[in-house]
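Step one of this worksheet: look at the structure below.
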2 protein chains.
Amino acid sequence: MTIEQDFFNQYRLMYRPFIKQLNIQLEPYQLYSSQWAVLRFLNDKGPHSFVEIANFMTIEKPSVTKLVHKLIELGYVETTTGKDKREKLVHLSPYGEELVQKIQLQLKSFFEQALAGVPKQDIDIATQVLARICMNINQ
Amino acid sequence: MTIEQDFFNQYRLMYRPFIKQLNIQLEPYQLYSSQWAVLRFLNDKGPHSFVEIANFMTIEKPSVTKLVHKLIELGYVETTTGKDKREKLVHLSPYGEELVQKIQLQLKSFFEQALAGVPKQDIDIATQVLARICMNINQ
DNA sequence: TTAAATTAGTTAGCCTAACTAACTATATAC
DNA sequence: GTATATAGTTAGTTAGGCTAACTAATTTAA
């Protein structure tokens, strides 16, 4: 067992329990983790088109259609026409903006608990490792 | 954006591209990443029952049933009766053992490429961070 | 200038990888 | 000896992706 294999084993092993807990946190807001990822992206990076959301999340366009339409239905986001008649810009609704702040506050303590006992410096290193892998994998 | 939130964002962002690439690596063996996770567990930790596999992978029993039955169908694993008539122990077949060695060799270079440019020390730290989170989340 | 190619988003239908509820068969506890 | 617990299975559901094929709008090029 090399240290690389060990890392990826551990990476995968963490996924299910993490997503499960995250979904429990999000349940009061009728959100799943994938929908939350979209809200967070719009909050952090501002309004973006469907294609831009797809590129950022490295998922396909039809998957974005489903996610965003659900968020529209919930009243958390709205769309406006983009730079031409084809493009639609997705942005948080006023209600959505409030909600994101509220959820982020709640998740803050969940994340802190999950990382309890881990030095800040190690969290930073781990984040950089994950970012580097993303870069390496996506060419 | 706290460093904890940043870490988990990055964690989630990596998942899809990683699993996608891993599945491409496994495709010649008619395996998906979840089935590979079972083979690797049996290889690393020896024969185990369905319940033990479920506990280790933190998935439910019916999910294990499906995974293992597929692996039996492929001829990669076999079952023997366990310590009583209810329990079945799952173990790699001779063919399965060979295959695991072969796949591990192939994945070794995939993993090394994915971690290219990351110091060994940082990989270790990141692995420990992931392990600690697993522990914290699963109580 | 109009025909071909490209781009943004949608629809329909599929798949993986999980889940819960309810079941059978066996084993254990009271 | 009956009630309870445990191992595994079956049936049906779900989240969260996917591809193929479509419409409408835009750009390229002949």
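Within every chain, numbering begins at 1; the chains are lettered A, B, ... in the order of the sequence lines, protein sequences first and strands thereafter. Side chains are part of it too, since the values below use all heavy atoms of this structure and drop only hydrogens, waters and symmetry mates. This one's a predicted model, so the numbers in the text were calculated from it and none came from an experiment.
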Closest-nucleotide 5' rank along DNA chain C - winner of A/Phe50 and B/Ile59: A/Phe50
Residues that B/Phe56 engages under ring pair (Phe, Tyr, Trp, His ring centres under 6.0 Å), provided they are two or more places apart: B/Phe41
Closest contact, heavy atoms only, A/Met14 versus B/Phe8: CE-CE2, 4.0 Å
Rounded distance (Å) that lies between atom [atom2] of [N] and atom [atom1] of [X]:
X	N	atom1	atom2	answer
A/Tyr15	D/dG16	OH	P	8 Å
B/Lys20	D/dG17	NZ	C1'	10 Å
B/Tyr32	D/dG17	OH	P	17 Å
A/Asn23	D/dA15	CG	P	10 Å
B/Glu52	D/dT6	CD	P	14 Å
A/Leu71	D/dG16	CG	P	11 Å
B/Lys61	D/dT6	NZ	P	10 Å
B/Asp84	D/dA7	CG	C1'	8 Å

Touch class at under 4.0 angstrom, heavy-atom based, for B/Ser34 against every strand present: sugar-phosphate
Any donor-acceptor pair under 3.5 Å from A/Arg132 side chain to B/Ala116 backbone: yes
Per B/His69 side chain, nearest of listed nucleotides D/dG17, D/dT6, D/dT10: D/dT10
Residue whose nearest DNA chain D nucleotide is more 5′ - B/Glu87 or A/Glu60: B/Glu87
Earlier contact from the 5' end, DNA chain D, for A/Lys85 and A/Ile19: A/Ile19
Donor-acceptor pair (no angle test) under 3.5 Å: B/Arg86 side chain, D/dT6 base: yes
Side-chain-base donor-acceptor pair under 3.5 Å for A/Lys66 and D/dG16: no
Crowding at CD, B/Gln30 (>12 non-hydrogen neighbours, <6.0 Å): no
Salt bridge flag under 4.0 Å for residues B/Lys88 and B/Glu78: no
Residue-phosphate contact under 4.0 Å: A/Ser63 side-chain N/O, D/dG16 OP1/OP2: no
D/dA15 OP1/OP2 closer than 4.0 Å to side-chain N/O of A/Ser33: no
Set of side-chain hydrogen bond (donor to acceptor under 3.5 Å, both in side chains) partners for A/Glu112, sequence neighbours left out: A/Lys108
Nucleotide range of DNA chain C lying under 4.0 Å from chain A heavy atoms: C/dT7 to C/dA18
Output field: ring centroids A/Phe7/B/Phe111 closer than 6.0 Å: no
